[in-house]
Amino acid sequence: MFADLHLHTNFSDGTYSPEELVAQAARHKLSGISLTDHDTVEGCERAARACAAVNIEFITGTELTAEQNGNEIHLLGYGFDPLNPKLLAEISKFQAVRQQRIHEMVARLNELNIPLQVEAVFSLANCQSPGRPHVARALAQAGFVANLDEAFERFLKKNRPAWVPKARMSALEGMELIHQAGGVAVMAHPGLNRTDDVIPGLVRAGMDGIECFHTKHTPSMARNYLALAAKYRLLVTGGSDCHGMSKGKPLIGTMRLPYDHVEKLKAKLAERKTTLSNANQ
Ligand code: AMP
Ligand code: ZN
Ligand code: FE
Ligand code: FE
């Protein structure tokens, strides 16, 4: 049995709907999945329903954009209560930041004589948590660039003329938010961030796991993070980080996490729920 614990839908910058994503998971014979859209949990309810219909185990998830010591890190949250009021209130602030940032990026493009309309981006994104990929797609759709790579290279990459930094929650805040909602917090794709030096501090602050398996991790990266996970007694997770058709061919099915890691994650979640309910008594 295998799982994919890192997937995106059109509730952030993926292209599949939750139902389409689950159909793909079934096609690849996955036994469990989590939906980890950026800074939102909106797609989880529909994904859970679609999973139940095809007998796939669903674990609630999200991928929070956070920062530690000035570095951007992505924090995966798993198994939390998707209706937790504090979690929803906090992520809605960061969704507002994302929407404001779209306005700023389009204004920069307009100053560069690229007459992209902000409505074009919002109608294409059609979600609470829009990001640079939506701006890139709108640029391509309007014919201002030939493809998404060109959009990032010319305009949207860090330090390019339409790049706008994004306010991020602190990693400690993000972990606390996930924990108080009953979930576990996992560092996403550490191999892509090259910020291994922040890991010990995050572990001391209560981080539960580390994403060892990821489509952009080399085998030696995976070995390195498996060793770190053993050293710090962390959960091991993995996923494809599939964004649907937006980045060439869909990645779902290319990273298959052995199910014993899912069982350990569920055991940790059960522990957290017991701790939380004891604290509330
Ligand atoms: P944002 O959260 O708005 O900063 O956008 C981040 C998203 O943009 C991530 O999902 C990345 O995969 C995607 N992204 C970042 N850099 C590039 C790039 N150079 N080309 C294509 N996609 C990118
Ligand atoms: Zn993304
Ligand atoms: Fe990420
Ligand atoms: Fe992701």
Side-chain angles (χ1 to χ4, degrees), residues 3-18 20-21 24-25 33-44 47 59-68 71-78 91 94-95 97-99 101-102 105 121 124-138 140 148-149 151-152 156-158 163 166 168-169 171 174-175 178 185-196 198-199 202 207 209-217 221-222 225 237-255 257:
D4 187 334
L5 299 182
H6 193 152
L7 296 163
H8 295 271
T9 65
N10 55 13
F11 280 96
S12 66
D13 54 359
T15 65
Y16 291 141
S17 68
E20 288 166 340
L21 182 73
Q24 291 294 324
I33 64 163
S34 179
L35 174 59
T36 54
D37 272 320
H38 300 284
D39 300 316
T40 189
V41 301
E42 285 169 286
C44 286
I59 296 171
T60 310
T62 187
E63 180 174 18
L64 300 179
T65 313
E67 98 177 10
Q68 172 79 346
N71 300 300
E72 177 162 321
I73 65 162
H74 291 180
L75 260 188
L76 297 162
Y78 292 118
I91 60 179
F94 287 92
Q95 292 168 1
V97 166
R98 281 180 169 276
Q99 291 162 22
R101 179 169 171 252
I102 299 290
M105 286 192 284
V121 182
L124 180 151
N126 192 28
C127 68
Q128 300 297 315
S129 207
R132 285 180 290 165
H134 297 115
V135 179
R137 282 183 226 161
L148 307 191
D149 276 344
F152 273 93
L156 300 173
K157 261 170 69 163
K158 187 168 182 181
W163 176 73
K166 178 172 62 185
R168 306 172 287 218
M169 69 176 82
M175 292 198 296
I178 293 163
V186 173
M187 186 176 185
H189 47 62
L192 304 193
N193 304 68
R194 292 180 182 70
T195 50
D196 287 5
V198 304
I199 293 173
L202 293 175
M207 185 168 74
I210 189 163
E211 188 175 52
C212 297
F213 302 109
H214 182 278
T215 27
K216 287 197 179 148
H217 278 178
M221 279 179 191
Y225 293 116
T237 73
S240 64
D241 211 351
C242 179
H243 283 72
M245 298 304 285
S246 68
K247 292 178 184 169
K249 74 175 169 46
L251 292 173
I252 186 168
T254 61
M255 218 313 302
L257 181 72

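Residue indices begin at 1 and follow the sequence shown. Start at 1 and go down the list; that is how both ligands and their atoms are numbered.
In this structure, OD1 of Asp13 and NE2 of His243 enclose an angle of 80° at the Zn ion (ligand 2), rounded to 10°.
Atom OE2 is the N, O or S atom of Glu63 at the shortest distance from the Fe ion (ligand 3). Atom NE2 is the N, O or S atom of His6 at the shortest distance from the Fe ion (ligand 4). The closest approach of His74 to the Fe ion (ligand 3), by N/O/S atoms, is made by ND1.
Using cut-offs of 30° and 60° on the angle between ring planes, the pair His8 and His243 is parallel.
Taking backbone and side chain together, Asp241 holds no N, O or S atom under 2.8 Å from the Fe ion (ligand 3). At a cut-off of 2.8 Å, His189 is counted among the residues with an N, O or S atom near the Fe ion (ligand 3). At a threshold of 2.8 Å, the Fe ion (ligand 4) has a backbone or side-chain N, O or S atom of His8 nearer than that distance. The nearest N, O or S atom of Glu63 is not closer to the Zn ion (ligand 2) than 2.8 Å. Distances from the Zn ion (ligand 2) show that His38 has an N/O/S atom below 2.8 Å. The nearest N, O or S atom of His38 is not closer to the Fe ion (ligand 3) than 2.8 Å.
A donor-acceptor pair under 3.5 Å links the side-chain atoms of Asp4 to the main chain of Ser240, judged by distance alone. Judged by distance alone, the side chain of Glu211 and the main-chain N or O of Thr237 form no donor-acceptor pair under 3.5 Å. Gln99 places a side-chain N or O within 3.5 Å of a backbone atom of Gln128 that can act as its donor or acceptor partner. The main-chain N or O of Asp37 is found under 3.5 Å from a side-chain atom of Thr62 such that the two form a donor-acceptor pair. Formation of a donor-acceptor pair under 3.5 Å by the Thr36 side chain with backbone atoms of Leu7 is found in this model.
Under 4.0 Å is where a charged nitrogen must lie from a carboxylate oxygen, and between Asp241 and Lys216 no such pair does.
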